[in-house]
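Here is the structure we will look at, set down as structure tokens.
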Amino acid sequence: MDIREATIEDLDFLDDLENRSFALSRRSSRRAIRNSLLSSHQIVLIACLNGARCGSMTLMLHQKHVRIYSLSVLSSYQGQGVGGALLRAAIEFSKQHNLVRITLEADINDERLVRWYESFGFEADRVIVNYYGLQEDGLKMVLKMDQDHQNRNIVVTDFDTDFFDGIENVTLIRANRYIEDDTYKTMKNARVFNLCSSLNYQTVGYYVSLLALARNHCVYPNIISLRDIKNSLVLKSIGDEMYDQIQRELANEPNRTLVVDSVWGFCEKPAYQNLVKILNSLYEAPLIRYQLKKDNGWSLQRVSILKLSDFKHREQVRASARRYFSRMQFVSSALNRYDYDMAILVDHEEAFPPSCRIALDKFKQAAKAQGFYVEFITRQDYRRIPEFDALFIRATTNVSNYTYDFSRYAYAEGLVVMDDPWSILRCSNKLYLFEAMRASGIPTPRTWTINKKSDYMAAVDALEYPIVLKQPDSAFSLGVYKVDNREACLERLNELLKISEIIIAQEFMPTDYDWRIGILDRKPIYACKYYMAKNHWQIYNWRDADQDNQEGDAETLPIENVPRKVLVAAVKSANIIGDGIYGIDIKEIAGRAVVIEVNDNPSIDFGVEDAYLGDQLYATVMKSFYTRLENDRRTIRKISY
């Protein structure tokens, strides 16, 4: 048996195999097969027996796992080990690339197929209702790879506890150590369980989950979950995804209100264990409370993250933790994609929006030319999100304001979104950006973290002045300060540490201009030089009374005129965040391209960023939306990243 990677010359065979193997409603189109062959995120394998092509398998590559999207064998070759050879090739590929698991979906009614997958070690994970069509459920199956270095379960607290004494497979550390210790900055394949006393925005507990995301650690709860549980409309949208299953589980419940706790994945009342399992596929946290109410039907009303101190029966919680870590089962939750109008979110009152009115009109015209109906919406239109198929955010984004809520709600409802919630979350915080750049070996200014809950005076004394202090979620040069000496540094820190428990300090790197490289779909689409404001060290100088001097000049150039090292740094930086639209700020200094910042929702203004490409720039963005809608219609997307 020979297994090789498919090429474009195999397209006719693959198309014919698809048509022979699957019902019409389950077939991939010839175009989709071709996209798989050309995609950098998929691998198509061909099985050959005695030189004849007889089967194929398509693998979708993710950061820590691989998904078997399709596996088929010609009927005349079935029973000759072709399918098994393809599966073993997937397993070997996963081992070579240190992947955590292999996933696939199977027809739940095809018991013979399910048993065949089980013979290779796959286990049933969950039922996906209506996966193949109405009343055609799928079964998600998982094969977990056995690798010692994957069993890195780190519990992080900001208090002393002996709760985990005697529980195997767990390392207990304090939050400061997780944030500051190089061991955890470079650790691979870690699972982080964040039990800090506060997970509120900009607390040390919040930064534990944020940095875990930057370090590619699986973290429970993650930043997305922390935001989602506070958003009633996202809560409703997510709850609706499991509506029918919730009704079935509570069909005989006599009460009209119900509170159930998930303690390390288990419920103390066995009657509600299946309900907890369903809800835990939507939210991932060690200790979590669900509140439900029955009106016309049962609905999820509230979700709360619990603390160890919330439980009176300590030994029962310990028993659940011991059972949880011995089983080592971790679930990634999923939402179905839906399907085409576009909403462009704007803020007409914003003083410095990412796109001026002329640019907004050009986006609208480009979208119409591509085939979209376009409507501008504002923050008052939150409840209208489900009316659209795509959301383009052209108001200044931040994880702590309404733009994130729009993005998250839109994504939960199945829209194609730019900026997606993960891009907003990652780009909104400079601590995340620095940590992620460092982990990927991308040059950045020398950076230090000043932690309110640590003895930071030694760090202040060691700084080389002048230095730049940054509030982690600062934007447009606001919350960014240059200090020239220790005294000025301490004075400014006294102000900033009242806002955030962690402050960023970076070396001062003066230049005449910063590069801004626009990236979309992992490719450069425009390049600008942003010059510093008059008599100032930043691009913006909001303190200047003369508005003409508040912003420096800009120069737009062809991509081919940009130094290669700048383009390489820009693309590599954007790839850390995602595949959306980003503006990468880079300084060229001492022969290096040093990344200062990655901006989601970058400025695209008439006469500036479009000065070279003109209307083609707007068309490029809208074509990306259209392509995503076309390509992703059947994709199952993760609710937690």
Evaluate Leu213 against Leu425 for side-chain contact (heavy atoms from CB on, under 4.5 Å), listing each step before the verdict. CA-CA 10 Å; Leu213 181 67; Leu425 188 151; 3.4 Å; yes

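- The closest side-chain heavy-atom distance from Leu493 to Tyr456 is below 4.5 Å.
- A side chain to side chain contact (heavy atoms under 4.5 Å, CB included) with Ile584 is found for one member of Ile519, Asp514, Val566 and no other, namely Ile519.
- Between the side chains of Asp261 and Tyr272, not a single donor N or O lies within less than 3.5 Å of an accepting N or O.
- Here Tyr382 and Tyr402 keep their ring centres 6.0 angstrom or further from each other.
- The side-chain contact (heavy atoms from CB on, under 4.5 Å) search around Ala569 returns Ile586, Ala593, Val595, not counting sequence neighbours.
- With a 4.5 Å cut-off on side-chain heavy atoms, Arg394 and Ile604 count as touching.
- Ring geometry, Phe164 versus Phe325: the interplanar angle exceeds 60°, so the pair is classed perpendicular (tilted spans 30 to 60°).
- Under a cut-off of 6.0 angstrom, the local environment of CD in Glu180 is crowded, with over 12 non-hydrogen atoms contributed by other residues, nucleotides or ligands.
- Using modelled atom types, no side-chain atom of Glu597 and backbone atom of Asp585 make a donor-acceptor pair closer than 3.5 Å.
- Here the side chains of Lys293 and Arg302 are not in contact, with every heavy-atom distance at 4.5 Å or above.
- Taking OG of Ser299 as the start and CG of Leu292 as the end, the distance is 7.0 Å to the nearest 0.5 Å.
- Considering OG1 of Thr396 and CG of Asp347, their distance stands at 8.0 Å, rounded to 0.5 Å.
- For the residue pair Asp158/Ser197, the side-chain donor-acceptor check at 3.5 Å is satisfied.
- Under the rule for a side-chain contact (heavy atoms from CB on, under 4.5 Å), the partners of Met509 that lie at least two apart in sequence or sit in another chain are Pro445, Glu507, Lys587, Ile589, Arg592, Val594.
- Counting all heavy atoms, side chain and backbone alike, Asn398 lies closest to Tyr201 at OD1-OH, 4.0 Å.
- Note on Arg438 versus Asp182: no salt bridge recorded, every NZ/NE/NH1/NH2 to OD/OE distance being 4.0 Å or above.
- In this structure, the side chains of Ser573 and Met437 come closer than 4.5 Å at one or more pairs of heavy atoms.
- Of all heavy-atom pairs spanning Asp484 and Tyr465, the tightest one is O-CB, 3.2 Å.
- The side-chain heavy atoms of Leu275 and Cys267, taken from C-beta on, include no pair separated by under 4.5 Å.
- In this structure, Lys277 NZ and Phe266 CZ are separated by 10.5 Å, a value rounded to the nearest 0.5 Å.
- For the pair Ile467/Trp448, a side-chain contact is recorded, criterion being any heavy-atom separation below 4.5 Å from C-beta on.
- Residue Glu487 qualifies as enclosed at atom CD: its count of foreign heavy atoms under 6.0 Å is above 12.
- Of the N and O atoms on the side chains of Tyr582 and Ser423, at least one donor lies less than 3.5 Å from an acceptor on the other residue.
- Taken to the nearest 0.5 Å, the CD atom of Glu268 stands 7.0 Å off from the NE2 atom of His313.
- Note that CG of Leu496 and CD1 of Ile502 are 13.5 Å apart. Values are rounded to the nearest 0.5 Å.
- Taking OG1 of Thr397 as the reference point, atom CG of Asn401 lies at 7.5 Å (rounded to 0.5 Å).
- Residues satisfying the side chain to side chain donor-acceptor pair (under 3.5 Å) criterion with Ser209, sequence neighbours excluded, are Asn194.
- Ser320 places a side-chain N or O within donor-acceptor distance of the main-chain N or O of Gln316, the cut-off being under 3.5 Å.
- Figure legend: Arg215 and Tyr178 shown as a cation-pi pair, the cationic atom lying under 6.0 angstrom from the six-membered ring centre and within 45 degrees of its axis.
- When side chains are defined from C-beta on, Pro286 counts as touching Pro221, because their heavy atoms get closer than 4.5 Å.
- Side-chain contact, Thr183 with Asp181: a donor N or O sits under 3.5 Å from an acceptor N or O.
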